[in-house]
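First the structure, in the form of structure tokens, and then the observations on it.
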Amino acid sequence: MSPETLSIFSPALAARFDALVSNYPVKRSALVPMLLYAQDEVGYLSDGVIAEIARRLGLTELDVRNVASYYSMLRFKPAGRYNIQVCTNICCMLRGAYELYDRFQEELNIGPHGTTPDGLFSLEEVECIGACSWAPAIQVNYSFHDELTPDLVAGILADYRAQAGVPTDRSSSVGWKAQAERTKEHA
Amino acid sequence: MPRLVSHPDEVKIVSRRFGQGAANIDRYIELGGYESVKKCLAQTPDWIVNEVKASNLRGRGGAGFSTGMKWSFVPKQSPKPKYILVNGDESEPGTCKDHLIFLHDPHAVIEGTIIAGLAVGAKTGFIYLRGEYRYLLEIVEKAVADAYARGFLGKNIFGSGTEFEIVTQTGAGAYEVGEESALMESLEGKRGIPRIKPPFPAVVGLYGGPTVINNAETIATVPHVIATGAAAYAELGTPRNGGTRLFCLSGHIQRPGVYELPMGYNLKKMIYEVGGGIANGNQLKAVVPGGSSTPVLRPEEIDIGMDFDQVGKAGSMLGSGGVVVIDDHTCIVEFALRTIGFYQHESCGWCIPCREGTDWLQKSLTRFHAGFGKAADIDNIQYLAENMLGRTFCPLGDAAAMPTIAFVKKFRKEFEDHLSGKPCPFAREGVPQLTVA
Ligand SMILES: Cc1cc2nc3c(=O)[nH]c(=O)nc-3n(C[C@H](O)[C@H](O)[C@H](O)COP(=O)(O)O)c2cc1C
Ligand code: SF4
Ligand code: FES
């Protein structure tokens with residue numbers, strides 16, 4: 001069997017890795033992107049993911065773990081399907097990020113860095129995400145939501161529940177829809 | 001999606017294609033795109049370097065080093081390949097301008113990268129975006145692919161016989177990786193630990209080759225410099241501070257947003273006229289003028305021109321262009337604590353003054369803000385921060401110490417108001433108080 005058929009990654013991701021490795025003068029340069037892309041697909045850096053990336057790049061697993069542990073977006077445990085990252089750094093703090101973070105905890109009934117029992121949402125506080133002039137801002141996985149207020153929280157969660165096909169008794173709040181409309185205008 | 005703003009005082013150079021669909025290559029060309037690189041292909045490398053030097057363009061990443069000068073340090077002959085590295089790690093709290101450039105004008109970054117390559121004789125450019133900017137990376141990757149398809153990148157760019165390749169790269173979350181040598185480590189697949197300097201990147205950089213590293217805004221400005229001409233560009237700004245820059249107004253300001261203003265624009269005017277003044281009818285307490293690492297200014301200190309030299313003279317720094325406005329309902333101790341919390345979190349841990357210093361500062365400020373501070377702590381915080389200055393391996397240590405010193409020195413009374421078990425004078429009902437674990 002060729003190594004590729006043993007891959008724990010989808011054929012598309014495996015092909016992406018092959019292309020990635022050929023981009024650089026040094027194969028190892030693909031390491032950080034590979035870790036992140038693998039995490040996007042698998043959900044976290046499992047032992048299997050680490051082993052396979054090490055094999056593909058000709059590195060030791062220890063070396064891969066050593067690099068992976070440096071970067072804050074990389075995780076060794078699963079997160080929720082929608083990982084909510086609330087920026088509480090200075091610009092967001094000044095515009096109510098902690099109030100927002102609190103509301104997420106209340107609505108989800110979980111604490112900081114918690115995951116809902118159904119695995120749908122996880123919540124964490126993060127450092128500046130580069131949306132300071134549109135504070136307070138959050139990222140849900142890679143999607144930005146900005147200029148938020150605590151009253152928009154329920155609507156955001158309802159929209160993600162709907163996206164996941166989870167029935168919800170909460171109707172999507174008008175405020176959130178209005179915000180989405182406004183955003184479209186500026187796109 | 002970030003909201004775009006505008007103000008009559010703006011001089012739109014770098015932002016002139018924002019909101020006009022210029023991520024599309026045809027639209028970019030329609031709006032004058034890729035003309036500057038063609039112009040440069042007909043010129044010598046020295047001409048390009050001299051043009052950029054004469055424009056007085058200074059790095060938008062924070063330190064404000066002359067871009068043309070930086071390019072001129074790259075040796076003409078090199079046994080190892082040379083590289084252009086575009087720093088799109090944008091992580092300094094208060095800064096969100098590169099975000100807009102990648103979103104609205106990715107081809108300007110590509111065009112600037114090619115021009116930098118022509119200027120120093122590099123055949124490969126890397127565009128590194130922070131991991132959180134995935135949607136922007138996709139936009140940039142599409143733009144790069146389109147440029148290849150047109151023959152603007154590749155073995156024979158614009159049919160000139162010259163080769164230039166661009167590779168995009170994602171980070172995975174780390175402020176320290178924005179530091180130039182740490183960025184190179186990250187791009188080489190390692191932890192983002194900075195390198196010892198000298199040698200400087202212009203001589204020994206990425207993969208050991210001479211490397212120009214510039215901020216994304218700096219690079220995106222280059223095509224405009226070439227198009228406008230160095231003298232005309234320089235004239236927009238102040239002496240030794242050419243052109244315009246993107247200022248990110250945030251915090252307690254009426255109209256937050258990213259505004260492009262001439263270098264040297266008055267800070268007070270920026271806050272009260274461009275930004276519409278302080279939000280909610282409150283009064284101004286303080287301004288952080290150039291991203292979280294720059295020393296805070298008091299209201300009586302903001303009647304200054306926003307260029308590298310004038311802000312420097314006022315005891316702070318122009319930094320990355322993040323202007324954070326703080327109103328009189330804000331607790332400066334809490335603000336200082338949140339600031340140091342960031343640096344403590346982001347310290348790479350390589351050198352002791354930074355690793356231990358940020359940790360101790362955070363602990364002291366946490367205790368202080370919780371009402372358990374002693375009078376001697378105020379001096380201790382200042383003493384500790386002052387002793388980190390200049391004693392760390394990379395500038396992150398200074399970036400943590402400088403704002404802390406300024407908070408204590410300029411707002412000492414607020415620290416004193418927290419003494420002897422008194423509750424935070426700015427505690428708001430129903431609002432959690434910041435206590436970093
Ligand atoms: C801790 C630290 C973080 C930095 N982060 C960034 C960053 O996110 N983006 C950036 O362009 N420069 C950043 N810099 C500055 C870079 O080291 C470098 O000076 C800059 O990219 C050079 O580009 P310029 O000359 O165009 O400004 C950082 C520096 C330090 C010390
Ligand atoms: S100053 Fe801080 S970030 Fe820089 S090398 Fe030392 S520990 Fe790392
Ligand atoms: S401080 Fe929250 S996005 Fe920058």
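What you see below is based on every heavy atom in this structure, not just the backbone, and it leaves out hydrogens, waters and symmetry mates. These numbers were taken from a predicted model, which means no experiment stands behind them.
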Pick one of side chain, backbone, both or neither for B:His252, based on which atoms fall under 4.5 Å of a heavy atom in chain A.
-> both

Are side-chain heavy atoms of A:Tyr70 and B:Glu185 found at a separation under 4.5 Å?
-> no

Could you tell me the separation between the CE atom of A:Met93 and the OG1 atom of B:Thr330, rounded to the nearest 0.5 Å?
-> 7.5 Å

Distance from A:Gln85 atom CD to B:Glu132 atom CD, nearest 0.5 Å?
-> 7.5 Å

Relative to chain A, which segment of B:Tyr83 carries a heavy atom at a distance below 4.5 Å: side chain, backbone, both, or neither?
-> side chain

Heavy atoms, side chains only, cut-off 4.5 Å: are B:Phe342 and A:Ile90 in contact?
-> no

Evaluate the ring planes of A:Trp134 and B:His99, with Trp represented by its six-membered ring, and classify them as parallel (under 30°), tilted (30 to 60°) or perpendicular (over 60°).
-> perpendicular

Under 4.5 Å heavy-atom distance to chain A, tell me which part of B:Val258 shows up: side chain, backbone, both or neither.
-> both

Using non-hydrogen atoms and a 4.5 Å limit, figure out which bit of B:Phe126 sits close to chain A: side chain, backbone, both or neither.
-> side chain

Hey, are the side chains of B:Pro93 and A:Glu127 touching, using non-hydrogen atoms and a 4.5 Å cut-off?
-> no

Row check, A:Tyr142 ring normal vs B:Arg134 NZ/CZ: under 6.0 Å, within 45° | yes

Part of B:Tyr207 within contact of chain A (heavy atom distance under 4.5 Å) | side chain

Do we see a donor-acceptor contact under 3.5 Å between the side chains of B:Arg3 and A:Ser133?
-> no

Proximal component of A:Ser143, with respect to chain B [non-hydrogen, under 4.5 Å] | neither

Where on A:Val64 is there a heavy atom nearer than 4.5 Å to chain B: the side chain, the backbone, both, or neither?
-> neither

Between B:Ile166 and chain A, which part of the residue has a heavy atom less than 4.5 Å away: side chain, backbone, both or neither?
-> neither

Relative to chain A, which of B:Gly349, B:Gly131, B:Gly21, B:Cys248 shows the most heavy atom pairs under 4.5 Å?
-> B:Gly131

Of B:Ile193, B:Leu103, B:Val324, B:Leu187, the largest count of non-hydrogen pairs under 4.5 angstrom with chain A goes to B:Leu187

List the steps, then state whether side chain to side chain contact (heavy atoms under 4.5 Å, CB included) holds for A:Val26 with B:Glu188.
-> CA-CA 7 Å; A:Val26 172; B:Glu188 292 181 14; over 6 Å; no

Which bit of A:Asp63 comes within less than 4.5 Å of chain B, counting heavy atoms only: side chain, backbone, both or neither?
-> neither

Under 3.5 Å, is there a donor-acceptor pair between the A:Tyr37 and B:Thr170 side chains?
-> no

Part of B:Leu206 within contact of chain A (heavy atom distance under 4.5 Å) = neither

Picking from B:Gly171, B:Gly192, B:Pro81, which has the most non-hydrogen pairs under 4.5 angstrom with chain A?
-> B:Gly192

Structural part of B:Ser186 lying under 4.5 Å from a heavy atom of chain A | both

Option in A:Asn66, A:Leu57, A:Val32 with maximal non-hydrogen atom pairs under 4.5 Å from chain B | A:Asn66

B:Glu90, B:Glu165, B:Arg130: which one forms the most heavy-atom pairs within less than 4.5 Å of chain A?
-> B:Arg130

Check whether B:Val323 gets within reach of chain A through its side chain, its backbone, both or neither, counting any heavy atom under 4.5 Å.
-> neither

Looking only at B:Tyr175, B:Tyr135, B:Tyr133, the option with the highest number of non-hydrogen pairs under 4.5 Å against chain A is B:Tyr133

Atom CG of A:Leu31 and atom NZ of B:Lys190: how far apart are they, to the nearest 0.5 Å?
-> 11.0 Å

OG1/B:Thr168 to CG/A:Leu20 distance, rounded to the nearest 0.5 angstrom?
-> 8.5 Å

If you round to the nearest 0.5 Å, how far is CZ of B:Arg338 from SG of A:Cys91?
-> 10.5 Å

